[in-house]
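Order of listing sets the numbers, starting from 1, for every ligand and every atom in it. Values below: all heavy atoms of this structure, side chains included; hydrogens, waters and symmetry mates excluded.
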Amino acid sequence: MSSLKYIQYHGLLLPTVAHSAESLEYAQNFSVEDTDVFAVTYPKSGTIWMQEILPLLLNGGDLTPIQTVVNWDRVPWLEEKRLAEVADKLTSPRALVTHFPYSFMPPSFHTSKAKVICVMRNPKDILVSSYYFHQMATFLEDPGTFDEFLEKFLEGRVLFGKWTDHVKSWRRAELGDRIMFITYEEMVQDLPAALRRMSDFLCCNLSDEVVLKIAEHCSFKTMKANRMSNFSLVPKDYVDSDKSTFFRKGERLHLLDWKNHFSPEQLARFTSVIFKELEGENFSLPWSLD
Ligand code: A3P
C-alpha cells in the first residue's frame, strides 16, 4: 500500500487527500452545538445524498444551498481538512457528515444535544459501490480484483475500517432519542416517506407539499445533473470518469446490484464473516444477507 495515499488514525485508514493530523485534531477540538445535525455513514452508504437532503429539510425546502454551494462545503465532513476553511461560514442549524465510528466523536459532541441520523446500507452493495469508487478515484489505492477487494473489506483494510465495527459502534443506548436510524434502501424505495421520518425527527415541521418538492430535488436523476453535487467540479486529476462515475446507476438499480458481482462462494464467505462479527449484538440487520 502506498504510504502517501493513506494515513493511519487509531488503526483506521484515511485518504491523505482529505485528511491530515491537523484536520483530525481540528475535529477533536470542534465545538459541537446543540442545534447541529450529523449524518453518520460508513463510506458509500449515502453520504452525498444526505448532503443534499439535510440543507433542504433544515431550510424549509429552500434550494439556494444545494444550487450555490458545493456539497463538501455546504455539509462538510467533520474529519476532513475542508472543515477548518468553511466552519465559520456555516449557519445554524449546521449540518455535518462524518464517517467516524462513535468513539471518535469529539468531547463536545457527547455533552451536546446534537442529533444524529445514521444511514445504513446493505454491506454487499457498499462493497460493490466502493469497488467502483476505488477504480475511479485516483487518490485511492487500486482495488485489485473484486475477490481481492472483498477480502480487504472483510478484514477492514479499507477506508474507515470494518463495516461491522462502524455499525456496532453507533448502537449506543446513551444517545437515546438523539439518534435515528434509516437505511439507504428505505430511501430508495420511498424517498418522501424517508424524508417525512427525518423531518419529524429533526422537528422541521414541513408540509407534505414541501416534502415532495425536496424529494424531487434529491432524486438520483436531479442530483446526477446538479453540478454542485455530482463531483464534476472535482479536478480531473482526482477522478477518472472513464472508469466509473460517482452516480453509477439509475433509479432502482441501486438495490441488489451486488447480485451481478458476487459468486456463490464469495457470497457464502461474506455472509459468514459478517454474521460471525455481529453475533451476540442486540440489534438485527434490516436486510437479509443471503
Ligand atoms: P452506487 O455506487 O451504488 O451507485 P456515498 O455518498 O456515501 O459515497 O454513497 C455513494 C452511493 O450513493 C452511490 O451508490 C451513489 O450512486 C448513491 N447515491 C447518491 N445519491 C443518490 C440518490 N439521490 N439516490 C440513490 N442513490 C444515490
Side-chain angles (χ1 to χ4, degrees), residues 14-15 17-18 38-57 63 66 70-72 74-80 95-100 117-137 139-140 143 146 149 153 158-161 163 166-167 170 182-195 198 211-232 234 238-241 243-262 287:
L14 313 182
V17 70
F38 286 87
V40 167
T41 55
Y42 182 83
K44 311 318 290 176
S45 302
T47 323
I48 311 304
W49 205 356
M50 291 304 289
Q51 289 174 325
E52 207 84 348
I53 289 173
L54 287 177
L56 290 169
L57 290 178
L63 300 180
I66 65 159
V70 283
N71 60 298
W72 54 84
R74 96 172 79 97
V75 182
W77 271 266
L78 173 64
E79 56 272 23
E80 293 199 356
L96 292 104
V97 287
T98 183
H99 295 316
F100 272 161
I117 299 182
C118 184
V119 184
M120 293 170 68
R121 186 179 187 187
N122 188 322
K124 288 178 295 190
D125 286 318
I126 291 180
L127 176 67
V128 173
S129 178
S130 190
Y131 179 65
Y132 285 104
F133 186 60
H134 278 71
Q135 289 186 343
M136 75 176 257
F139 54 88
L140 298 178
F146 186 72
F149 191 64
F153 183 88
V158 288
L159 308 180
F160 288 89
W163 176 81
H166 189 273
V167 296
W170 280 96
I182 195 157
T183 62
Y184 172 92
E185 290 73 16
E186 214 179 315
M187 290 162 65
V188 171
Q189 271 159 350
D190 190 345
L191 185 54
L195 293 173
M198 292 191 230
V211 167
L212 284 178
K213 174 184 159 186
I214 296 177
E216 197 185 310
H217 285 278
C218 295
S219 72
F220 185 82
K221 204 168 139 210
T222 316
M223 282 184 63
K224 191 172 181 160
N226 181 1
R227 280 178 62 71
M228 289 295 157
S229 310
N230 65 10
F231 283 84
S232 57
V234 173
Y238 291 128
V239 287
D240 184 347
S241 48
K243 292 199 175 144
S244 186
T245 55
F246 190 85
F247 288 87
R248 282 188 316 121
K249 299 265 183 173
E251 311 301 330
R252 287 176 171 267
L253 285 173
H254 299 277
L255 300 179
L256 308 180
D257 187 28
W258 64 267
K259 291 197 173 184
N260 301 318
H261 295 81
F262 280 66
W287 339 261

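Summarising the geometry, atom CG belonging to N71 is positioned 5.0 Å from atom CD1 belonging to I48; distances are rounded to the nearest 0.5 Å. Expressed to the nearest 0.5 Å, how far CG of L191 lies from CE of M198 amounts to 7.0 Å.
Close approach to M223 involves these atoms of ligand 1, each under 4.0 Å from a residue heavy atom: 20 (N), 23 (N). For ligand 1, the atoms lying closer than 4.0 Å to a non-hydrogen atom of G46 are 5 (P), 6 (O), 7 (O), 9 (O). Taking every non-hydrogen atom of S129 and a distance limit under 4.0 Å, the qualifying atoms of ligand 1 come out as 1 (P), 2 (O), 3 (O), 13 (C), 14 (O). Taking every non-hydrogen atom of I48 and a distance limit under 4.0 Å, the qualifying atoms of ligand 1 come out as 6 (O). Atom numbering of ligand 1 starts at 1 in the shown order; those under 4.0 Å from a heavy atom of C218 are 23 (N). Counting the atoms of ligand 1 from 1 in the order shown, those under 4.0 Å from a heavy atom of S219 are 23 (N).
Of the candidates W258, Y184, Y42, it is Y184 that places a heavy atom closest to atom 17 (C) of ligand 1.
At least one heavy atom of R121 sits closer than 4.0 Å to an atom of ligand 1.
Ring pair Y184/W49 is perpendicular by interplanar angle, where above 60° counts as perpendicular and below 30° as parallel.
Of the heavy atoms in S45, only backbone atoms (N, CA, C, O) come closer than 4.0 Å to ligand 1. Of the heavy atoms in H99, none comes closer than 4.0 Å to ligand 1.
Counting heavy atoms from C-beta on, the side chains of L14 and F160 come closer than 4.5 Å. Put simply, the side chain of I117 does not reach to within 4.5 Å of the side chain of I53, judged on heavy atoms. No side-chain heavy atom of K259 sits under 4.5 Å from any side-chain heavy atom of K124. With contacts defined as side-chain heavy-atom distances shorter than 4.5 Å, the pair Q51/M223 does not qualify. With contacts defined as side-chain heavy-atom distances shorter than 4.5 Å, the pair H217/I214 does not qualify.
Checked against a 3.5 angstrom limit, the closest N/O atoms of P43 and ligand 1 fall outside it.
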